[in-house]
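See below for the structure under consideration.
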Amino acid sequence: MLDVGEVELFVRELGQRGDEPSLVVMHGGPDVGHGYLLPGFAEVQRHVVLFDFRGCGRSTRGLPDDRLQPEYVVEDTRRLIAELGLGQVDLLGFSTGGRAAMQFVDKHPALVRRLVLASTSAYDARASQEYLAGWEEYQRRERLAKPEERNSTIFVWDPAKAPAYLDLLNSLGTDTGDWSYERAMAGLIHPWFTGDPETILRDFAKPILILHGEKDMGFPVQLAERLHAAVPNSQLAVTPDAAHMCHFEQPNVWAQHLNAFLG
């Protein structure tokens, strides 16, 4: 556990610190901790720092609702980097964590050397719906989805791999979160970033990797392509035949993209 002031964060470090910047990972949800991301980092050749957001997993739980806001996650991340003495880092944001990472580089650009936006979107839900509404396979899976499957048939493209992903989620036990979906739907959760995302990322003016699954049914790949076209300092790497959890479906391909980008 790492004390960052108001809260304690559960932190997991993979690999050894070296001369290269550490890779700090901001997970998604935030109704989970970071455990579901671990399969993607087994082959990543870098010191990796993963942590559970406040109100998630094994970090401080039971906070008042007004302390579960994106700006506090960004500040917790800054304090984590300082407390661990990491200096300038590479930053990876996955799904909702990608949106938090955009706010982080907007607020603290000097702390980040390279940015990875994985399975995320810079655009609002209406942009996703434009593509999902006409996607027959997505609509079919949505109709057949069961609550006990925990979106495994939506987040994983290959149906044969969905049970293993569900087993992973179920094996994590208390790796859940206090953030309320109802509060989010009621507009009580602050934006994960403010300002125009394309401008934020262009002004960041450092290398960005947009890492996405070809069959992502949370944030369709067209949104990743749109962001890449709008941000000249970005690269786009699309993992074929993989959905939102492409780090789980094709971990070796996912890690290869990260290793090539991080150098």
Side-chain angles (χ1 to χ4, degrees), residues 1-13 24-38 48-84 86 89 91-108 111-112 115-128 147 150-151 154-155 168-170 172-197 200 218-219 244-245:
M1 300 296 288
L2 181 70
D3 188 340
V4 294
E6 183 182 28
V7 298
E8 290 187 335
L9 302 178
F10 175 71
V11 179
R12 188 192 310 261
E13 298 186 57
V24 174
V25 179
M26 304 180 80
H27 66 75
D31 55 344
V32 293
H34 71 262
Y36 72 102
L37 290 176
L38 290 174
V48 180
V49 180
L50 303 105
F51 69 100
D52 292 344
F53 290 175
R54 60 168 59 209
C56 294
R58 283 172 273 184
S59 292
T60 299
R61 303 285 292 268
L63 294 164
D65 285 345
D66 65 354
R67 308 309 287 179
L68 295 177
Q69 294 289 358
E71 60 268 28
Y72 297 120
V73 171
V74 170
E75 178 60 14
D76 291 343
T77 306
R78 185 195 67 78
R79 292 183 176 181
L80 175 148
I81 292 169
E83 289 295 327
L84 293 179
L86 298 178
V89 301
L91 185 65
L92 184 150
F94 186 94
S95 194
T96 300
R99 298 171 72 80
M102 292 181 215
Q103 182 177 165
F104 191 93
V105 299
D106 188 30
K107 302 295 184 184
H108 309 291
L111 289 179
V112 180
L115 174 65
V116 181
L117 299 174
S119 296
T120 191
S121 174
Y123 308 105
D124 63 23
R126 290 171 297 179
S128 293
R150 300 180 66 180
N151 285 324
I154 304 294
F155 287 166
L168 170 64
L169 293 183
N170 290 335
L172 297 174
T174 59
D175 211 5
T176 56
D178 299 334
W179 295 63
S180 166
Y181 176 79
E182 290 74 22
R183 289 186 71 242
M185 291 299 97
L188 299 176
I189 302 295
H190 301 164
W192 284 93
F193 57 83
T194 55
D196 175 66
I200 289 170
F219 303 119
H244 193 61
M245 299 299 171

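Small disclaimer: the values here were computed from a predicted structure and weren't measured. Numbers here simply count residues along the sequence, with the first being 1. Atom set for the values below is all heavy atoms of this structure, side chains included, hydrogens, waters and symmetry mates excluded.
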Those residues at least two apart in sequence (or on a different chain) that pass side-chain hydrogen bond (donor to acceptor under 3.5 Å, both in side chains) with Glu83 are none

Among all residues two or more places apart in sequence or in another chain, which pass the salt bridge (Lys or Arg N to Asp or Glu O under 4.0 Å) test with Arg150?
none

Qualifying residues under salt bridge (Lys or Arg N to Asp or Glu O under 4.0 Å), relative to Asp196, sequence neighbours excluded:
none

Residues two or more places apart in sequence or in another chain: which of them pass side chain to side chain contact (heavy atoms under 4.5 Å, CB included) with Ala127?
Tyr123, Asp124, Leu223, Arg226

Would a distance-only check, ignoring hydrogens and angles, find a side-chain to backbone donor-acceptor pair under 3.5 Å from Tyr36 to Leu172?
no

Given side chain to side chain contact (heavy atoms under 4.5 Å, CB included), test Leu50 with Leu38 step by step and report yes or no.
CA-CA 9 Å; Leu50 303 105; Leu38 290 174; 4.1 Å; yes

Contact summary for Phe53 and Pro30, nearest pair of heavy atoms
CD1-CB, 4.0 Å

Rounded distance [0.5 Å steps], SG in Cys56 versus CG in Asp31
7.5 Å

Of all residues at least two apart in sequence or in a different chain, which pass the ring-ring contact (aromatic ring centres under 6.0 Å, His included) check with His244?
Phe94, Phe155, Phe219

Value rounded to 0.5 Å, distance of NE2 in His27 from OG in Ser95:
11.0 Å

Closest non-hydrogen contact found for Glu13 with Val49 is CG-CG2, 4.3 Å

Taking the side chain as everything from C-beta on, heavy atoms only, tell me whether Trp179 gets closer than 4.5 Å to Pro70.
yes

Can you confirm whether Leu91 sits close enough to Leu111 that some side-chain heavy atom of one is under 4.5 Å from a side-chain heavy atom of the other?
no

For Asp178, which residues count as a salt bridge (Lys or Arg N to Asp or Glu O under 4.0 Å) partner, sequence neighbours excluded?
Arg61

To the nearest 0.5 Å, atom CD1 of Ile200 lies from atom CG of Asp106 at 4.0 Å

Over all heavy atoms of both residues, which pair between Ala101 and Gly93 is shortest? Give the atoms and the distance, please.
CB-CA, 4.1 Å

Kindly state each residue pair satisfying salt bridge (charged side-chain N to carboxylate O under 4.0 Å, His left out) with at least one member in residues 1-12, sequence neighbours excluded.
Glu6-Arg54, Glu6-Arg67

Specify the closest pair of heavy atoms between Leu9 and Asp52, including all atoms of both residues, with the distance to one decimal.
CD2-O, 3.6 Å

Restricting to non-hydrogen atoms, name the atom on Thr120 and the atom on Gly98 that form the minimum distance, rounded to 0.1 Å.
OG1-CA, 3.7 Å

Kindly write out the residues that satisfy salt bridge (Lys or Arg N to Asp or Glu O under 4.0 Å) with Arg99, not counting sequence neighbours, or none if the list is empty.
none

Pro197 versus Ala122, closest heavy-atom pair with distance
CG-O, 3.2 Å

Do Leu2 and Arg79 make a side-chain contact, defined as non-hydrogen atoms from C-beta onward lying under 4.5 Å apart?
no

State which residues pass side chain to side chain contact (heavy atoms under 4.5 Å, CB included) with Val74; sequence neighbours excluded, sorted by chain then number.
Gln103, Phe104, His108

Give the table of side-chain donor-acceptor pairs shorter than 3.5 Å for residues 186-195, with sequence neighbours excluded, one pair per line with atom names and distance.
unit_1, atom_1, unit_2, atom_2, d
His190, ND1, Glu71, OE1, 3.1
His190, ND1, Glu71, OE2, 2.7

Can you list the residues that meet the ring-ring contact (aromatic ring centres under 6.0 Å, His included) rule with Phe10, with sequence neighbours excluded?
His34

Looking only at atom types and distance, does a side-chain atom of Thr77 sit under 3.5 Å from a main-chain N or O of Val73, one as donor and one as acceptor?
yes

